[in-house]
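FYI, side chains are in, hydrogens and waters are out, and symmetry mates aren't considered; it's all heavy atoms of this structure.
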Amino acid sequence: MSSYNCIADDVKLGTNVRLSKFINLYGCEVGDETKIGAFVEIQKNATVGKCCKISSHTFICEGVVIEDNVFIGHGVTFINDSYPRASTPSGNLQTESDWTVERTIVSKGASIGSGATILSKTNIGENAIVGAGSVVTEDVPPNSIVAGNPAKVLRYIDQTAKGHE
């Protein structure tokens, strides 16, 4: 660990995790053999699986689950609140007790292109590909390629053409 990283004592790092400089990790779990790029933040109660690549400038907030073998491009942002507010109806600054974390799951083998935004309460299916700059507003089917704002299915990946069963 370097002095350029902020890694809290409650972070669970697997074996052979590779960390770039200028990262912020707290209360999260990162699986074996995962690589995390520079300027990445992973918040508490977020999980990153084994053999993942999290590229630079990515924000993984509380409530996000990233399964094994997932690629996250540069500058990807996850959202965990559908209706964020700074203050309560009475005008006080919100605290954790004023809202509920909304979960997001990125399934095994999925890839998310650079600059994508992933809204809360969405599931990205196994081996799916999210195009760069896309905004994911609803579930992404397994083995699909989605792109756009909002992201829409462009086509499905032919697994047999690549020798997959």
*Considering non-hydrogen atoms only, spot the tightest contact between Pro141 and Ala128 and give its length.*
O-CB, 3.6 Å
*Is it possible for you to say whether Val48 and Ile79 belong to one hydrophobic cluster, with membership spreading through side-chain heavy-atom contacts below 4.5 Å?*
no
_Pair Asn80, Glu62: side-chain N/O donor-acceptor within cut-off below 3.5 Å_ = no
*Between CG of Asn127 and CG of Asn69, what distance do you get to the nearest 0.5 Å?*
9.0 Å
*For Ile42, the option from Val64, Ile60, Thr47 that meets side chain to side chain contact (heavy atoms under 4.5 Å, CB included)*: Ile60
*Can you tell me how far the OG atom of Ser87 sits from the CG atom of Asn92, to the nearest 0.5 Å?*
8.0 Å
*Nearest heavy atoms of Leu25 and Cys28, plus distance in Å*: CB-SG, 3.9 Å
*Taking side chain as C-beta onward, heavy atoms only, is Ile145 less than 4.5 Å from Ile157?*
yes
*Which atom names give the shortest non-hydrogen contact between Ala110 and Ile124, and what distance separates them?*
CB-CG2, 3.9 Å
*Donor-acceptor contact present, side-chain Thr58 to main-chain Val76, <3.5 Å*: yes
*For the side chain of Ser134 and the backbone of Gly148, is there at least one donor-acceptor N/O pair under 3.5 Å apart?*
yes
*Is Glu29 salt-bridged to Lys44, cutoff N-O under 4.0 Å?*
no
*Any side-chain donor near an acceptor of the partner, Ser82 and Glu102, under 3.5 Å*: yes
*Does the side chain to side chain contact (heavy atoms under 4.5 Å, CB included) test come out yes or no for Thr95 and Leu93, once each step is laid out?*
CA-CA 7 Å; Thr95 66; Leu93 192 62; over 6 Å; no
*Same hydrophobic cluster for Val70 and Ile23, using side-chain heavy-atom links shorter than 4.5 Å among ILVMFWY?*
yes
*Could you check Phe78 against Ile112 for side chain to side chain contact (heavy atoms under 4.5 Å, CB included), going step by step and ending with a plain yes or no?*
CA-CA 11 Å; Phe78 289 87; Ile112 301 176; 4.0 Å; yes
Would you give me the side-chain donor-acceptor pairs under 3.5 Å for residues 8-15, sequence neighbours excluded?
from  : atom 1 : to    : atom 2 : distance (Å)
Asp10 : OD1    : Gly27 : N      : 2.9
Thr15 : OG1    : Asp32 : OD1    : 3.4

*Taking atom OG of Ser107 and atom CD of Glu126, what is their separation to the nearest 0.5 Å?*
6.0 Å
*asked:* For the backbone of Cys61 and the side chain of Gln43, can you confirm whether one donor and one acceptor N or O come within less than 3.5 Å of each other?
replied: no
*When hydrophobic residues are tied together by side-chain contacts of less than 4.5 Å, even through go-betweens, does Leu19 share a cluster with Val30?*
yes
*Taking all non-hydrogen atoms of both residues, which atom of Ile118 and which atom of Thr104 are closest, and how far apart?*
CG2-CG2, 3.8 Å
_Note, Tyr26 side chain near Ile7 side chain (heavy atom, < 4.5 Å)_ = no
_Quick one, Val146 with Ile129, criterion side chain to side chain contact (heavy atoms under 4.5 Å, CB included). Give me CA distance, side-chain angles, the key distance, then yes/no._
CA-CA 6 Å; Val146 302; Ile129 297 173; over 6 Å; no
*Please report the closest heavy-atom contact between Pro150 and Thr137, naming both atoms and the distance.*
CB-OG1, 3.5 Å
*From Glu67 CD over to Lys50 NZ, what is the distance, rounded to the nearest 0.5 angstrom?*
11.5 Å
*Do Tyr156 and Val130 belong together in a cluster built from hydrophobic side chains that touch within less than 4.5 Å?*
yes
*asked:* Please report the interatomic distance CG(Asp68) to NZ(Lys108), rounded to the nearest 0.5 Å.
replied: 7.0 Å
_Would the distance check show the side chain of Thr77 and the main-chain N or O of Thr117 forming a donor-acceptor pair, the cut-off being under 3.5 Å?_
no
*Short question: side chain of Ser114, backbone of Gly75 - any donor-acceptor pair under 3.5 Å?*
no
*Got a donor-acceptor contact below 3.5 angstrom from the Thr34 side chain to the Cys52 backbone?*
yes
*Measure up the Phe22 and Phe39 rings against each other and bin them: parallel (under 30°), tilted (30 to 60°), perpendicular (over 60°).*
parallel
*asked:* Assess the residue pair Val65 and Arg103 against the criterion (side chain to side chain contact (heavy atoms under 4.5 Å, CB included)); give the C-alpha distance rounded to whole Å, side-chain angles, the decisive distance to 0.1 Å, and a yes or no.
replied: CA-CA 8 Å; Val65 174; Arg103 190 175 180 93; 3.2 Å; yes
*Rounded to the nearest 0.5 Å, how far does CD1 of Ile105 lie from NZ of Lys121?*
14.0 Å
